[in-house]
Structure formats: C-alpha cells, structure tokens
Amino acid sequence: MSILILAEHDNKSLKPATLNTVTAATQIGADVHLLVVGFECQTVVEQASQVAGVSKVLVADNAVYEHQLAENVSKLVVDIASGYGHILAPATTTGKNTLPRVAALLNVAQLSDVIKVESADTFVRPIYAGNAIATVKTTDAVKVLTVRSTGFDAAASTGGNAEREVLSQVIASDRSRFVKEQLAESDRPELTAANVIISGGRGMGNGENFKLLEGVADKLGAAIGASRAAVDAGFVPNDLQVGQTGKTVAPDLYIAVGISGAIQHLAGMKDSKVIVAINKDEDAPIFQVADYGLVADLFDAVPELEKSL
Amino acid sequence: MKILVSVKRVIDYNVKVRVKADHTAVDLTNVKMSMNPFCEIAVEEAIRLKEKGIASDVVVVSVGSKSCQETLRTALALGADRAIQVETEDGLDSLSVAKLIAKVAQEEAADLVIMGKQSIDSDNNQTGQMLAALLDYPQATFASEVVIENGEAHVTREIDGGLQTLAITLPAVITTDLRLNEPRFASLPNIMKAKKKPLDVKTPADLGVEVGSNVSIVSVTPPPQRAGGIKVGSVAELVDKLKNEAKVVS
Ligand SMILES: Cc1cc2nc3c(=O)[nH]c(=O)nc-3n(C[C@H](O)[C@H](O)[C@H](O)COP(=O)(O)OP(=O)(O)OC[C@H]3O[C@@H](n4cnc5c(N)ncnc54)[C@H](O)[C@@H]3O)c2cc1C
Ligand SMILES: Nc1ncnc2c1ncn2[C@@H]1O[C@H](COP(=O)(O)O)[C@@H](O)[C@H]1O
C-alpha cells in the first residue's frame, strides 16, 4: 500500500515541512505519493517531482483550490484515498485544519504531531505540552497522521524524478469563502526552518524594542520568534509565537531574550540543539533548559551581543 | 440563534505533569483540574454573542465522567443557559467525542458550535474539524476574531503565515485561538445561580452513538531531560562559548 502526503505550499513554492514529512513516510515504508492541491501551482509541482523518495505527484490545480479550504481539500483526499494505507500532512496550520476532516470522513482516528515512527502502525507523539511522550498503536485500516517537522530530517529536495498524475475532480463548497489574508512578509528565514532563532518575550517592553533583536538576527541570519505574552501584548504578530499552541522549532541555536520559560513556551523550543537565555531574573525557569544562561538586563546585553558578533 | 459550546475538563495548565512509574499514563491523582483554557475562550465568545443580542441561547456540552459536571457548572456560572453531560469514561478519543457532539448539535438544532482549538492534555487539535466533517458543516479553526452577520460568520484565523479571514455560512463550527478574547471570571452570585440552571445527563446509547477506537496506548514516558547548562558572566564569554565550545556561531 502506498503513502499519500498532502504537500504544504502557497501555490508558489513547496514548503520545507513537506520534506520532513516525506522522511517520516519513507520510514513507514512503501511508495510515497505527494498530493499538490492548489491553483496555478505549476512550480510547486516541479519542485514536488524532484523530491528524493517520492514516486508520484498527484496534482489538483483549479481555482476552487486556491486557498486550500479544508471543506474542499478533505473531500478530494477522501475521493482518492483508496489504495493508501497512510495519509500524512505536515503538522502546520494547514495540515491541522484539513487532516482531521479527512480522518472523520474515513471514520478513522488521527494521530497529531507525530515525532517518531516506530513501525507502520506504531508512532510516538508528545502530549501535555511535551511533558509526556506517548507511544500509540493504531489498527485503523487507513492511518492518518500529522507530522511534526522537528522530529524528522528533511528529505533531499532534488534527485527524485516522480511521475505525475493530474486529478480532474473539482470539489467546491459554497458555504466557505475566502475573504482576505494578511501575510507577514519578511526576508528572514522561516521560523520553522531556521537554523538560528532569536525570540523576545514580555521583557522586551514594546514592539519597537524588537529592533534590538533584528540587529542580532541580521548578523546570525536568524529568524525572529516570540512568546505568547509578547504576541498578546501586540509587540509582534501571531505568526511569531513559539510554543505549545504556536510553532514548534528546533534550530541549532535558540536565543531567548526576556522570556521566563513557562512550560507552554518550552514545549515549542526545548528540542533546540543549543539554548541561550538572557534574563535579568536569575531564578527564571528558562535557565533550567539553557545551555548558556546570561543574567543581565537585555537592554545592555543585546546591543553588546550584536556588536561582538 | 442557538450556540453550542463544548468544554473539556483537563489538568490545570499550571500543574507540573508527572508520568506514572509504570509508564501507562500521566498521574492525575490529586491533581488540580480546570476547564481547558481554549474552551474558556469558547464559552466567553458565546456569552459575548449573547450579550450583543446575536445569540439567544448558549448550551454547553461536555463528554466524560461525572466530574466534568463541575466544568459544566463553571460554564453555567460564566453565563451559559443550559448544560449537557454525555456520560462516558474519561479520555475518549476525538472521533468518538465528535460523533457524540454531532448528535447533540443536531438534537439541539444549534446554529453555531464553538469549541477550543486544542485540549492541553491530549494536544490533539482535531475534534472541531472532525465534528464539522461529520455534520458536513463549514469550519473556521484557530479564530482570533468572529463577526456574525446575515447568516454568515466572518472569522479571522491565526495561520502559520499570518492571518486569514473566511466567511462561512451557518450552521458552522468555529474553534478558538488564544487571542479571540480574554475570558471573564465567574462572580460568586453567578456561581450560586449556576447551581439551579438545568444540567441534563445523556449516554452514548441515548444519542445512538457507538464509541470506541482502534488506537491503543503502548506507553507514556517522561520526555528526555536536557543536561543542565552553565551561567556565563558576560556577553564576551557567551560569544566565546558559542563560537569555540558549541560551535554554532562562526
Ligand atoms: C493554553 C495556553 C497556551 C499557551 N501557549 C503558549 C505558547 O504557545 N507560547 C508561549 O510562549 N506561551 C504560551 N502560553 C503562555 C505561557 O504560560 C506564559 O504566560 C508566557 O510564555 C509568558 O511569556 P514571557 O516569558 O514573555 O513573559 P513573562 O513570564 O512575563 O516573562 C518575562 C521575563 O522577562 C524578564 N525580563 C523583564 N525585563 C527584562 C530586562 N530588561 N532584561 C532581561 N530580562 C527581563 C523577566 O525576568 C521575566 O522572566 C500559553 C498559556 C496557556 C494557558
Ligand atoms: N471530552 C470532551 N468533551 C467536550 N468537548 C471536548 C472533549 N474533548 C474535546 N473537546 C472539544 O474539542 C476541542 C479540541 O480538543 P482536541 O481536539 O482534543 O484538542 C476542545 O477544546 C473542546 O472544545
């Protein structure tokens, strides 16, 4: 039986989280197919067919799929589901939006945020904000999983040569309509794919002060992240939130500035290779997970850090 | 307009979770339990819609053992009108919960179902989407703003790239994100009043739903612990360590 992966993309490029999901699929075994659902997404299809380990790319390119509405995409996936033993998607907001609908329509469970493949029916996933790790086994005929990208290396983006199949189903819902979007534009690396991240918390005081972090980020080629408190206070937009209910990241270097280290924040970053914390409170819990802790006022330490890099 | 809100009783978000020594589950004995924070936000949103005169009736539902009645009473104290407990064992899988809530939503003829985006215990983030699929309703997950007009909900959603706004026709399912609102606290008089509000108990059999799952837990273990780090005395020392010891900065 083959494995179907719902590709993550924005009609222009294939998102890196797809590559980690391909690796998870390869560990399950079998033949890996990528499904690209979108509109005028030819470049995505090109990229998808080159991913190492993918044998087939299925393409549904139609105006009704432009915004990948869950109502439409889930029915399309179910329509082509027979023959697949596993259906996977990256655990992004798109994957999380769509895949549970697929599972319910197939009358099977969904396993969320899988971080490890034990076998074709046994998977590992964090629960309780990562404070417990569950190993679960499913005997469902079709296994539906979202894959956390930090759990798997990225598959090579080139070297493959998948065949293509065009899907002609046009499934549209008249009860859900895209109105608008406000997408963050940034020249920095994407948070979930960055090698270095510098995040600010409530200690930053206001949004203007995030400029201090930008100086360091420029030097390190880093992405910028934030705690929930910094987002709630309106310092930065929601897409920067790292944590249990925001993004999960595991860069080579994570620098937490003015962040106390609540479990919900740690849930999103404690698998980083090296953690640095800058906080003026020497008892802040963030120091318990930091490889290098600096007890200092961030308004002194961050400019100095920028200068010494 | 009638709103159904589903609420789950979970370990309080402040509790430090411990895994049982036999690695079968998380230890919940004598642990403080509360309403799932995302469900609090869901209840708050429904009550605000009622206060604005958009909703007429707010019904809350919880699936679980008798103890979840406590969570339902909290929701009643916050302003919900009626409560329904679907009596099951705790820790039912999401698909079963979605099937039960789907039947309640149909029986109640709810125009809108508001749920949390995620339970902070199972971290599943799926029940609302499953419910929407079972009922063939449109959905708007991870909501940070909800505006209801002309039989439609305009919902701003927190997505990985920023914000997206969808218009969905009612009946529909909305799941809440953190920034949708700030939940109120229940006042003492309202807590007293809530004791007299109606709370019905139903069984899966009453609803004609068979519950069960093909997923079993093999083990639950503590996460790997990070080895303790060190404190550095200065920015210069920090940069030196990052360059020469950790070798993550060149
Ligand atoms: C359901 C739920 C989900 C949640 N999800 C998330 C999530 O996904 N991500 C997340 O981050 N949080 C999440 N939280 C919130 C979490 O519990 C914490 O409230 C939050 O992480 C705190 O953010 P903070 O560390 O920036 O703020 P605080 O805890 O207020 O810490 C600020 C820190 O800055 C330090 N500081 C202040 N001034 C300076 C200075 N001048 N120099 C140096 N240090 C300074 C202080 O010593 C303090 O340690 C969630 C909570 C709930 C209930
Ligand atoms: N046992 C339950 N009873 C009532 N509502 C639930 C239950 N389990 C999940 N939910 C709802 O579904 C939301 C998402 O939960 P989950 O999919 O488990 O992360 C929660 O915030 C609740 O609104």
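Model, not experiment: these values are computed from the prediction. The chains referred to below are lettered A, B, ... by the order of the sequence lines, with proteins before strands, and numbering in each begins at 1.
When heavy atoms are compared at a cutoff of 4.5 Å, A:Gln241 approaches chain B solely by way of its side chain, counted from C-beta outward. Within the 4.5 angstrom heavy-atom criterion, no atom of B:Gln225 approaches chain A. Proximity to chain A is limited to the side chain of B:Gln118, based on heavy atoms less than 4.5 angstrom apart. For A:Thr122, the part lying under 4.5 angstrom from a heavy atom of chain B is the side chain only.
Relative to the six-membered ring of A:Phe287, B:Lys231 meets both conditions, a distance below 6.0 Å and an angle of at most 45° to the axis.
Note: A:Asn238 leads A:Asn238, A:Ile127, A:Asp291, A:Thr138 in heavy-atom pairs under 4.5 Å with chain B.
For residues 275-285 of chain A, the interface with chain B (any heavy-atom pair closer than 4.5 Å) comprises A:Ile275, A:Val276, A:Glu282, sorted by residue number. Residues from residues 24-40 of chain B that place a non-hydrogen atom less than 4.5 Å from a non-hydrogen atom of chain A comprise B:Val26, B:Leu28, B:Phe38, given in numerical order.
Under the side chain to side chain donor-acceptor pair (under 3.5 Å) criterion, no residue pair touches residues 293-309 of chain A, with sequence neighbours excluded.
Side-chain contact between B:Gln139 and B:Val155: absent, with no pair of heavy atoms (C-beta onward) separated by less than 4.5 Å.
Checked against ring pair (Phe, Tyr, Trp, His ring centres under 6.0 Å), B:His154 has no partners two or more places apart in sequence or in another chain.
Below 30°, between 30° and 60°, or above 60°: for A:His265 and A:Tyr254 the angle between ring planes is between 30° and 60°, a tilted geometry.
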